Amino acid sequence: QVQLVESGGGLVQAGGSLRLSCAASGRTFSSRAMGWFRQAPGKEREFVAAISWSDGSTYYADSVKGRFTISRDNAKNTVFLQMNSLKPEDTAVYYCAAKKIASRLSIPRLYDYWGQGTQVTVSS
């Protein structure tokens, strides 16, 4: 099992920044990639960004490219999501997830472990 704990959410004005963290514990060696997803009220969970543990390859949804940056600290088993130029439409619960196979990283149902989520609210 892999346990994931997100932190760093909060309330921010449009144009502001937040940095989310996801700390992994347990059988972290079984995880090959990490992803960030978000879910707004009444909407499906959507892919935001993902990163490979091994080579650091990164992937982004078109809606966040150029504004969000995903990174990792292998020594601390932690993944970060730096969110800049936030917009009201970025408001959602943000979840991190771990995947045993580093492929098809944008599909939420293929992830093996999930965190509890952290709320991000962007006011206009």
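All of these numbers come straight from a predicted model, not from anything done at the bench.
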Rounded to the nearest 0.5 Å, what's the gap from [atom1] on [X] to [atom2] on [Y]? Could you check?
X      : Y      : atom1 : atom2 : value
Arg109 : Arg104 : CZ    : CZ    : 6.0 Å
Met34  : Cys96  : CE    : SG    : 4.5 Å
Arg27  : Ser25  : CZ    : OG    : 12.5 Å
Leu81  : Leu18  : CG    : CG    : 9.5 Å
Leu20  : Tyr94  : CG    : OH    : 7.5 Å
Leu105 : Tyr111 : CG    : OH    : 4.5 Å

Could you tell me whether the side chain of [Y] reaches within less than 4.5 Å of the side chain of [X], counting heavy atoms only?
X      : Y      : value
Met83  : Val120 : yes
Ser85  : Phe68  : no
Tyr59  : Ile51  : no
Thr121 : Gln119 : yes
Ser17  : Gln82  : yes
Val2   : Leu4   : yes

- Message: Any side-chain to backbone donor/acceptor pair from Thr91 onto Val122? Under 3.5 Å, distance only.
- Response: yes
- Query: Short question: side chain of Glu6, backbone of Gly117 - any donor-acceptor pair under 3.5 Å?
  - Reply: yes
What are the two closest non-hydrogen atoms of [X] and [Y], and how far apart are they?
X      : Y      : result
Lys43  : Gln39  : O-NE2, 3.1 Å
Trp114 : Pro108 : CZ2-O, 3.2 Å
Ile70  : Thr58  : CG2-CG2, 3.7 Å
Ala14  : Ser124 : CB-CA, 4.4 Å
Trp53  : Ser31  : NE1-OG, 3.2 Å
Asp73  : Phe80  : CB-CE1, 4.0 Å

- Message: Closer than 4.0 angstrom, basic N to acidic O: yes or no for Asp90 and Lys87?
- Response: no
- Item | More than 12 heavy atoms of other groups within 6.0 Å of Ile107 CD1 | yes
- Does NZ or CZ of Arg38 fall inside the cone over Tyr95's six-membered ring, less than 6.0 Å from its centre and within 45° of the axis? no
- Look at the rings of Phe37 and Phe47 and say which category their plane angle falls in: under 30° parallel, 30 to 60° tilted, over 60° perpendicular. perpendicular
